[in-house]
Amino acid sequence: MSIIIERFNKIQSNLSKINKSNSLKIIAISKTFSLEHIMPLIELGHNHFGENKVQEADSKWSQIKKEKNDLQLHMVGKLQNNKAKKAVEIFDYIHSLDSQKLADSLFKYQSEINKSINYFIQVNIGNESQKSGIQYNEVDQFYNYCTREKKMNVVGLMAIPPNDENTEKYFKSLSELNSSLGLKELSMGMSSDYMKAVNYKATYLRIGSAIFGERS
Ligand SMILES: *Cc1c(COP(=O)(O)O)cnc(C)c1O
């Protein structure tokens, strides 16, 4: 069996021990890896894959997405305004909605091609100056902007917590904010902390290296 499938099965078995709900989804983050490397997981029937660059995603996935209709592609990286049009064409989910200007562009382009995209609002949960995301206390207002003025389908919040010992504290506060908005989905948890994220009601786990191996 492919090592990728072995690792993937191990993650699923870890999750099945603590989570009984089948609404939990693993997004296999395939950035930097070739389609050839990813292929065993596609052939296994896994549907959710994530990338962090528009150009890379487009060249890697546009052909195979035409062949396999049920593939769902997630954008998890910082999205520049000038890439919004291409992003709307290739992605089904965008986890990095982080400014009004970006919301305006994305909504304009999705309307032009009549495509429905699922969005996560990225929250700067640790208030880090080098990270993007909406500030915690401004999420409510931004959510209202995206859903009322723009009619965007915001399904949940997303965050990449600071790399420190307080991961659970960040997961907890993101989860509370998510619930307070009545949102169903929650994008948090990566290779090193996905088991913790599930304890705080994550529904989309973004797992890369634990499936595909270390990135060079
Ligand atoms: C790369 C990436 C991941 C996956 O990280 P791993 O530690 O390899 O699981 C998750 N989320 C985002 C936003 C990423 O850029």
Side-chain angles (χ1 to χ4, degrees), residues 23-32 38 46-62 64-66 68-125 131-136 138-161 174 177-178 181-190 197 202-208:
S23 65
L24 186 60
K25 296 194 178 63
I26 298 172
I27 308 170
I29 306 293
S30 52
K31 64 191 186 195
T32 76
I38 305 161
H46 188 66
N47 289 337
H48 292 272
F49 291 87
E51 294 283 342
N52 71 338
K53 293 198 172 87
V54 176
Q55 214 49 58
E56 181 182 346
D58 186 38
S59 54
K60 200 187 292 182
W61 291 97
S62 54
I64 190 153
K65 270 189 114 242
K66 284 179 200 146
K68 296 185 186 284
N69 280 325
D70 52 354
L71 278 176
Q72 300 287 302
L73 201 57
H74 297 251
M75 172 57 171
V76 300
K78 174 77 186 165
L79 185 51
Q80 305 296 339
N81 233 46
N82 60 3
K83 304 265 172 64
K85 186 168 194 282
K86 191 87 229 173
V88 160
E89 285 166 19
I90 179 98
F91 291 103
D92 305 287
Y93 291 74
I94 293 176
H95 294 240
S96 42
L97 180 57
D98 66 355
S99 77
Q100 207 157 301
K101 194 171 157 208
L102 182 61
D104 292 348
S105 302
L106 290 168
F107 188 67
K108 173 174 159 241
Y109 294 126
Q110 76 163 73
S111 304
E112 276 176 17
I113 61 169
N114 199 16
K115 180 172 174 184
S116 173
I117 311 263
N118 298 307
Y119 294 97
F120 290 87
I121 292 174
Q122 184 169 354
V123 182
N124 190 346
I125 195 75
K131 273 198 192 137
S132 43
I134 302 291
Q135 297 304 305
Y136 195 89
E138 291 169 4
V139 171
D140 198 63
Q141 191 193 350
F142 183 63
Y143 172 74
N144 286 334
Y145 179 80
C146 295
T147 55
R148 292 193 190 151
E149 308 213 10
K150 292 290 156 185
K151 313 283 180 236
M152 296 167 94
N153 187 29
V154 177
V155 296
L157 302 180
M158 174 274 203
I160 309 166
L174 191 70
L177 185 55
N178 206 66
L181 293 168
L183 290 166
K184 256 182 69 189
E185 311 297 344
L186 180 55
S187 166
M188 62 184 196
M190 308 178 20
T203 62
Y204 282 85
L205 308 173
R206 309 182 309 266
I207 304 180

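Side chains of Val76 and Met190 form no contact here, defined as non-hydrogen atoms less than 4.5 Å apart. Using a 4.5 Å cut-off on side-chain heavy atoms (C-beta onward), Ile160 and Arg206 make contact. In this structure, Lys60 and Ile38 have side chains that are in contact, with non-hydrogen atoms separated by less than 4.5 Å. Between Pro161 and Met188, every side-chain heavy-atom pair lies at or beyond the 4.5 Å cut-off. Using a 4.5 Å heavy-atom cutoff, the side chains of Lys78 and Ser96 are not in contact. A 4.5 Å side-chain heavy-atom check between Asp104 and Tyr145 finds at least one atom pair inside the cut-off.
Here Gln100 contributes atom CD and Ile134 contributes atom CD1; the two are 8.5 Å apart, rounded to the nearest 0.5 Å. The OH atom of Tyr109 sits 9.5 Å away from atom CG of Leu106, with the distance rounded to the nearest 0.5 Å. Here CG of Leu174 is found 8.5 Å from OG of Ser187. Values are rounded to the nearest 0.5 Å. To the nearest 0.5 Å, atom CE of residue Met158 and atom NE2 of residue His74 are 11.5 Å apart. Atom CD1 of Ile64 sits about 8.5 Å away from atom CZ of Phe49, to the nearest 0.5 Å. With rounding to the nearest 0.5 Å, the separation of CG in Leu181 from CG in Asp140 is 5.5 Å.
Closest heavy-atom contact between Ala87 and Ile94: CB-CD1, 4.4 Å. The nearest pair of heavy atoms linking Leu97 to Leu102 is CA-CD2, 4.2 Å. Across all non-hydrogen atoms, the minimal contact from Asp98 to Phe142 is C-CZ, 4.3 Å. Closest approach of Glu51 and Ser30 over heavy atoms only: OE2-OG, 2.7 Å. When all heavy atoms are compared, the tightest approach of Ser132 to Asn124 is O-CB, 3.9 Å. Of all heavy-atom pairs spanning Gly77 and Met75, the tightest one is O-CE, 3.3 Å.
Counting heavy atoms of neighbouring residues, nucleotides and ligands inside a 6.0 Å radius, atom CD of Gln141 does not exceed 12 of them. Other residues, nucleotides and ligands contribute more than 12 heavy atoms inside 6.0 Å of the NZ atom of Lys115. Few gaps surround NZ on Lys131; more than 12 heavy atoms of other groups in view lie less than 6.0 Å from it.
Phe91 pairs by the ring pair (Phe, Tyr, Trp, His ring centres under 6.0 Å) definition with nothing, not counting sequence neighbours. Shown here are the ring pair (Phe, Tyr, Trp, His ring centres under 6.0 Å) partners of Phe120, two or more places apart in sequence or in another chain: His95, Tyr204.
No donor-acceptor contact under 3.5 angstrom links the side chains of Gln110 and Ser116, judged on distance only. Neither side chain, Glu185 nor Tyr93, offers a donor N or O lying under 3.5 Å from an acceptor on the other.
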Practice item. Report the C-alpha distance between Ile113 and Glu89 in whole Å, list the side-chain angles of each, state the deciding distance to 0.1 Å, and finish with yes or no for side-chain contact (heavy atoms from CB on, under 4.5 Å). Key: CA-CA 8 Å; Ile113 61 169; Glu89 285 166 19; 4.3 Å; yes
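A donor-acceptor contact shorter than 3.5 Å links the side chain of Lys151 to the backbone of Arg148. Remark: the backbone N or O of Gly50 is not paired with any side-chain donor or acceptor of His48 at under 3.5 angstrom. Judged by distance alone, the side chain of Asn178 and the main-chain N or O of Leu157 form a donor-acceptor pair under 3.5 Å.
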